[in-house]
Colleague: 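Pasting a structure here, questions to come.
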2 protein chains.
Amino acid sequence: MVRVKTVVQKCVTSSEKFALPDVVWAEELAKLSWALAHPARVRIVRLLLSRTSCMCGEIVEEMPLAQSTVSQHLKILKETGLVQGEIDGPRVCYCINKSAMTKLKKLIANL
Amino acid sequence: MVRVKTVVQKCVTSSEKFALPDVVWAEELAKLSWALAHPARVRIVRLLLSRTSCMCGEIVEEMPLAQSTVSQHLKILKETGLVQGEIDGPRVCYCINKSAMTKLKKLIANL
DNA sequence: CAATCATATCGTATATCGACGATAAACAAT
DNA sequence: ATTGTTTATCGTCGATATACGATATGATTG
């Protein structure tokens with residue numbers, strides 16, 4: 001089932017880069033890409049990037065979607081690590097996870 | 001249904017950039033991201049990037065998937081424009097569409 | 001023309017997505 | 001405690017993704 005042929009990539013372009021098996025690498029990028037594979041999630045990410053933080057309710061207001069739907073998208077973004085949510089009283093304050101964002105950008109840039 | 005609030009973005013960072021409505025922008029990135037939202041497709045793209053071109057059969061050999069499944073992934077990559085296929089006798093020679101690739105990288109980098 | 005090779009498409013099964021309304025859960029305030 | 005506010009979760013439904021084997025298509029070769 002698992003590819004035996006899989007070997008460490010010789011993709012040493014300059015500095016650190018990835019000494020990860022091709023398959024793992026692909027899965028990581030696929031996961032992060034998938035987080036952005038829906039327009040609503042892209043817009044949420046952009047919205048969060050335009051502010052330092054954002055209450056969940058504000059996000060819902062900006063989107064032409066039901067609150068429950070937005071909540072689901074946020075859940076996905078949290079699961080992939082792109083977004084963090086911090087409970088603040090009865091609300092939740094969402095913000096971008098910068099390191100995950102950086103990772104995504106690197107993975108794409110190094111494609 | 002469609003967001004009326006949508007307005008042209010003032011995202012003039014340097015050169016051309018996008019004078020596209022937020023929604024359209026999000027859809028473009030979502031589409032391209034979706035193309036990479038599966039490990040098999042990421043690996044296909046990486047494989048094609050590591051060579052200047054690649055016969056379909058070679059791709060199938062590298063993947064732990066049935067030929068028909070690989071063909072479907074290639075179809076998706078073609079539809080999103082990331083990959084081009086050129087018929088070469090009885091085979092098909094696939095290669096990366098550099099401009100689409102550049103576009104994806106820009107969209108991500110400008111996130 | 002027949003046979004072969006490479007690739008695409010079809011048909012099908014299963015799983016997951018994406019949307020919604022309804023409801024639950026957590027907290028604040030009265 | 002009750003009420004109201006905010007967010008998450010549940011249940012459901014239709015649509016789509018993903019995988020495969022079987023079959024069709026298209027080109028080359030004998």
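We use all heavy atoms of the structure for the numbers below, so side chains are in, but hydrogens, waters and symmetry mates are not. Because the structure is predicted, anything quoted here is derived from the model rather than measured. A, B, ... follow the sequence lines: proteins, then strands. Residue 1 opens every chain.
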Colleague: Are the side chain of B:Thr69 and the backbone of B:Leu65 linked by a donor-acceptor contact shorter than 3.5 Å?
Modeller: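 No, B:Thr69 side chain to B:Leu65 backbone: no donor-acceptor pair under 3.5 Å.
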Colleague: Hey, could you give me each pair passing salt bridge (charged side-chain N to carboxylate O under 4.0 Å, His left out) that has a residue in residues 85-103 of chain B? Not counting sequence neighbours.
Modeller: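 For residues 85-103 of chain B, and leaving out neighbouring residues, the salt bridge (charged side-chain N to carboxylate O under 4.0 Å, His left out) pairs sorted by first residue read B:Glu28-B:Lys103.
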Colleague: Could you report the tightest heavy-atom contact between B:Val42 and B:Leu36, atom names first, then the distance?
Modeller: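 Where B:Val42 meets B:Leu36 most closely, the heavy atoms are CG2-O, 3.2 Å.
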Colleague: Take the protein atom CZ of A:Arg91 and the nucleotide atom C1' of D:dG4, then report the distance between them rounded to whole Å.
Modeller: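 That distance rounds to 12 Å.
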Colleague: Please list all pairs meeting salt bridge (charged side-chain N to carboxylate O under 4.0 Å, His left out) that have one or both residues in residues 49-60 of chain B, counting only residues at least two apart or in different chains.
Modeller: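 Qualifying pairs, neighbours excluded: B:Arg51-B:Glu58.
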Colleague: Between atom CD1 in A:Ile59 and atom P in D:dT7, what is the gap in whole Å?
Modeller: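 So the two atoms are 9 Å apart, to the nearest Å.
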Colleague: Does D:dA17 have OP1 or OP2 under 4.0 Å away from a side-chain N or O of B:His73?
Modeller: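 For B:His73, the contact criterion (side-chain N or O under 4.0 Å from OP1 or OP2 of D:dA17) is not met.
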Colleague: Which residues pass the side-chain hydrogen bond (donor to acceptor under 3.5 Å, both in side chains) test with B:Ser99, not counting sequence neighbours?
Modeller: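 Per chain and number, B:Ser99 pairs via side-chain hydrogen bond (donor to acceptor under 3.5 Å, both in side chains) with B:Asn97.
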Colleague: Under the criterion side chain to side chain contact (heavy atoms under 4.5 Å, CB included), I'd like the reasoning laid out for B:Ile108 against A:Leu107: C-alpha separation, chi angles, the key distance, then a yes or no.
Modeller: CA-CA 10 Å; B:Ile108 292 286; A:Leu107 287 172; over 6 Å; no
Colleague: Going through the distances and angles, do B:Cys54 and B:Leu48 end up as a side chain to side chain contact (heavy atoms under 4.5 Å, CB included)?
Modeller: CA-CA 6 Å; B:Cys54 194; B:Leu48 293 180; 3.4 Å; yes
Colleague: Using chain B heavy atoms and a threshold of under 4.0 Å, write down where along DNA chain C the contacts begin and end, 5' to 3'.
Modeller: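 That gives a stretch of C:dA6 to C:dT9.
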Colleague: Please indicate whether B:Ile87 has more than 12 foreign heavy atoms, meaning atoms of other residues, nucleotides or ligands, lying under 6.0 Å from its CD1.
Modeller: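 Check fails, neighbour count at 12 or below.
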Colleague: With no hydrogens and no angle check, is any side-chain donor or acceptor of A:Ser71 less than 3.5 Å from a backbone partner on A:Gln67?
Modeller: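 Here the side-chain-to-backbone pair does not exist.
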Colleague: Give, ordered by number, those residues of residues 81-90 of chain B having at least one heavy-atom distance below 4.0 Å to an atom of DNA chain C; if nothing qualifies, reply none.
Modeller: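 Listed by number, they are B:Pro90.
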Colleague: Assess A:Arg43 against B:Trp25: is NZ or CZ under 6.0 Å from the centre of the six-membered ring, and within 45 degrees of the ring's axis?
Modeller: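 No, A:Arg43 does not sit over the ring of B:Trp25.
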Colleague: Check the distance between D:dT18's C1' and B:Glu79's CD and give it to me in whole angstrom.
Modeller: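 To the nearest whole Å, that distance equals 14 Å.
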Colleague: What string of B, S and - do you get for nucleotides 8-16 of chain D, 5' to 3', when a contact is any protein heavy atom under 4.0 Å?
Modeller: BB-------
